[in-house]
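These numbers come from a predicted model, not from an experiment. Naming convention: chains lettered A, B, ... in sequence-line order (proteins, then strands); numbering from 1 in each chain.
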There are 2 protein chains.
Amino acid sequence: MAAGSGKSNGEDSGTDTSVPQVEVRTLADLARVAGVSAGTVSRALAGKSLVNTETRERIQALARQYGFRPNQMASKLRSRRTGVIGVVIPLGHEKRQSISDPFFLTLLGQLADQLTESGYDLMLSRAIPDGTTDWLERITGSGMVDGVLVIGQSDQSEIIDRVAAHYRPLVVWGNHREGQVHCVVGTDNEHGGRLSAEHLIASGARRLAFLGDTTGIEIAMRRRGAAAAAQDAGLPLTHIPVALANAEMGPQIKAALAMPDLDYDGIVCASDLIAMSALRVLYETGRAVPDDTQIVGFDDLPLAAQTMPPLTTIRQEIGDGARVMVEKLKSRIEGEDTSSLAMAPTLIVRRTTLR
Amino acid sequence: MAAGSGKSNGEDSGTDTSVPQVEVRTLADLARVAGVSAGTVSRALAGKSLVNTETRERIQALARQYGFRPNQMASKLRSRRTGVIGVVIPLGHEKRQSISDPFFLTLLGQLADQLTESGYDLMLSRAIPDGTTDWLERITGSGMVDGVLVIGQSDQSEIIDRVAAHYRPLVVWGNHREGQVHCVVGTDNEHGGRLSAEHLIASGARRLAFLGDTTGIEIAMRRRGAAAAAQDAGLPLTHIPVALANAEMGPQIKAALAMPDLDYDGIVCASDLIAMSALRVLYETGRAVPDDTQIVGFDDLPLAAQTMPPLTTIRQEIGDGARVMVEKLKSRIEGEDTSSLAMAPTLIVRRTTLR
DNA sequence: TTGAAAGCGCTAACAC
DNA sequence: GTGTTAGCGCTTTCAA
């Protein structure tokens with residue numbers, strides 16, 4: 001409430017309820033009004049115990065009355081703790097693109113929840129990697145954040161490693177790799193890709209394709225898993241590198257699949273989004289799913305259950321992921337060390353596969 | 001790059017390329033190394049013209065070499081300008097819920113792009129309104145941000161108004177209403193609702209329903225527009241208040257629509273998400289869309305074109321919206337006044353309606 | 001063109 | 001318990 005608003009403050013010790021016109025913008029101002037020192041006000045507002053309960057309450061009431069809020073910049077500067085976590089989404093290989101991948105957006109939402117719950121604010125940065133560590137160090141080195149969360153390694157794994165070597169409070173969503181310095185939380189993408197292809201094969205598919213650009217390591221691993229499964233079965237797997245989440249995706253998928261004599265009967269998709277697009281293209285060209293062509297997605301977005309037919313997909317536990325990332329980050333802020341975590345993906349069988 | 005890394009810096013004036021082990025964390029540190037004063041370093045790094053070009057370049061090179069970055073908190077405190085915009089999503093009536101509405105998430109992504117482009121950082125807050133202005137004033141009054149963007153008024157219009165009365169740099173996404181103090185950018189929801197119902201009626205629907213909770217004013221206006229159109233045509237419009245974007249949505253829609261003798265032949269949906277869910281329920285119960293029941297969504301998310309059949313919907317120009325919000329906010333930060341804007345929605349006819 | 005000095009508003013020792 | 005003091009690291013007059 002603004003100074004002068006109707007907040008009558010019943011506890012006030014008998015004085016006029018209207019608030020005088022003094023501007024209270026600083027601790028010192030409030031201290032003057034309260035007849036104490038700035039230090040006491042600071043302690044009272046911070047709820048520190050070393051302050052007389054009565055004065056504390058009086059000061060807090062006064063603060064409310066005048067709509068006073070301590071300046072965070074000053075507070076943070078002095079206490080060398082910002083209470084802010086930086087969240088970065090590297091736009092990596094998909095330049096000029098906006099943050100549009102629904103998986104990342106959902107992860108972002110979950111991270112916002114978790115961070116809020118832990119009392120942190122979230123500073124969001126869109127970063128366009130440029131071959132140097134700069135896009136990340138602009139954030140880690142800014143003095144603005146207590147820690148940094150990176151959403152998606154894309155193809156920046158080495159660069160992130162370089163920063164992680166001297167900046168500890170950093171946790172990344174992505175794919176763990178042997179010898180990687182930075183702490184990664186993510187899905188076991190290779191296993192996910194394998195599950196996907198294995199299920200298609202078990203359902204009778206024999207001519208497999210993988211749909212999705214593999215510049216980012218996460219997707220590359222999904223493909224690798226799928227390829228391994230195909231090889232184990234002595235089957236081919238064609239790679240069709242379509243864009244992951246931008247305007248080109250649709251047309252590219254169309255170009256790849258919209259032929260009446262389509263040769264694939266099993267498609268491993270890099271994401272649910274791609275799968276949905278593929279589903280649509282196949283439908284338009286008169287291919288029946290799953291009878292002519294079977295499809296498996298990746299992510300298990302809420303929408304995956306809503307497609308027609310509902311999508312068989314590989315589930316990533318995104319809520320758990322966010323929780324773990326924030327936990328690990330908090331540990332790292334405390335100076336502890338944390339290990340990476342690859343969470344097991346699960347196959348969710350719906351109706352775009354025969355079984 | 002960390003101090004001591006391989007950055008050899010060819011321009012260095014003939015000294016050893018290895019960087020000495022002095023810690024350079026502050027302007028003063030760098031000033032000492034450069035043999036100048038802190039003030040000069042500050043000016044040089046800010047690219048101010050009043051500094052000798054040569055010294056400026058020397059200092060900038062040094063800064064790069066030592067991986068020095070000015071502490072933002074200090075800078076912001078001193079310059080009384082944070083370069084940060086707060087973005088708040090009030091979780092309003094859908095308590096205990098996480099940020100999951102894809103429309104808001106997409107808007108958020110667009111805002112991130114626009115703000116980045118304008119040189120601002122974005123501080124994201126999830127807010128749980130509590131009947132007071134507190135959830136908003138915690139942000140506006142924190143001294144952490146130069147301005148605030150609110151995504152979705154929900155049912156908080158009056159409370160936002162109260163804050164806007166004394167906090168100028170505030171722009172809200174939502175529905176404009178007569179006499180509203182705060183600056184709102186959004187779609188003309190009432191008109192959108194009207195378009196939706198009119199199209200259903202023109203396509204032959206006679207027993208209309210509106211699907212969606214109307215606690216938030218945006219949705220309430222959509223319904224009002226639809227109701228007006230129905231009334232003009234002398235037709236009934238039943239309101240079925242289902243959740244907007246959480247786990248309950250699916251079951252609620254199912255409960256509302258999954259009856260073989262369903263009486264509605266035209267459904268105005270509060271969002272594309274609801275429409276997609278409805279589509280699916282109708283399909284499962286054997287109702288043909290659009291032949292038995294016609295559906296119109298709202299938002300025109302990218303996914304709306306991917307459903308089967310593709311969704312007839314009311315398009316909100318979300319990219320334009322974000323652009324306008326940021327523009328207006330910048331104006332308000334400059335002290336100018338800005339008026340609200342209700343953008344005209346457009347009907348996108350696809351295949352969930354008969355024409 | 002540069003240096004010196006005075007804060008931005010707050011917190012945390014250290015006294016009393 | 002509370003006041004006093006000394007900065008956190010930076011920017012910006014004001015002089016030189």
Side-chain angles (χ1 to χ4, degrees), chain A residues 22-60 62-63 66-84 119 121 138 140-146, chain B residues 3 22-60 62-63 66-84 121 138 140-146:
Chain A
V22 268
E23 254 268 84
V24 174
R25 282 190 330 99
T26 72
L27 276 191
D29 291 346
L30 191 59
R32 210 168 305 121
V33 172
V36 295
S37 78
T40 303
V41 175
S42 171
R43 288 184 282 249
L45 259 29
K48 290 264 170 71
S49 54
L50 346 65
V51 149
N52 185 325
T53 315
E54 194 206 332
T55 31
R56 177 171 59 239
E57 278 166 7
R58 193 164 56 82
I59 289 172
Q60 285 175 345
L62 241 28
Y66 285 92
F68 170 72
R69 251 165 248 278
N71 181 308
Q72 302 280 14
M73 289 301 166
S75 160
K76 291 170 193 310
L77 171 58
R78 176 61 229 236
S79 58
R80 307 171 126 291
R81 179 185 176 286
T82 70
V84 178
D121 284 313
R138 208 183 39 243
T140 59
S142 70
M144 287 261 289
V145 297
D146 291 341
Chain B
V22 268
E23 254 267 86
V24 175
R25 282 189 332 98
T26 70
L27 274 192
D29 291 346
L30 191 58
R32 210 169 303 121
V33 173
V36 294
S37 80
T40 304
V41 175
S42 171
R43 289 184 278 248
L45 259 31
K48 290 264 169 72
S49 53
L50 344 66
V51 160
N52 186 326
T53 314
E54 193 206 334
T55 32
R56 177 173 59 238
E57 277 165 8
R58 193 164 57 82
I59 290 173
Q60 284 174 345
L62 241 28
Y66 284 92
F68 170 73
R69 250 166 249 279
N71 181 309
Q72 303 280 14
M73 288 303 167
S75 160
K76 291 171 194 309
L77 171 58
R78 177 59 228 233
S79 56
R80 308 170 126 292
R81 174 182 181 291
T82 69
V84 178
D121 284 312
R138 209 183 41 243
T140 59
S142 70
M144 288 261 289
V145 297
D146 290 343

Taking protein heavy atoms under 4.0 Å as touching, what does nucleotides 8-16 of chain D look like 5' to 3' if B marks base contact, S marks sugar-phosphate-only contact and - marks none?
BBBBBB---

Any side-chain heavy-atom pair of B:V51 and B:I59 under 4.5 Å
no

Heavy-atom donor-acceptor pair, B:R69 side chain to A:G143 backbone, under 3.5 Å:
no

Applying side-chain hydrogen bond (donor to acceptor under 3.5 Å, both in side chains), can you list everything that pairs with B:T40, at least two apart in sequence or on another chain?
B:S37

So which atom in A:G83 and which in A:D146 form the shortest heavy-atom distance, rounded to 0.1 Å?
N-OD2, 2.8 Å

Roughly, in whole Å, what's the span from CZ in A:R81 to P in C:dA12?
11 Å

Least distance between heavy atoms, A:E23 atom then A:D29 atom
O-OD2, 3.3 Å

Could you state the CG-P distance from B:L45 to C:dT2, rounded to the nearest angstrom?
14 Å

From CD1 of B:I59 over to P of C:dT1, roughly how many Å is that when rounded to an integer?
14 Å

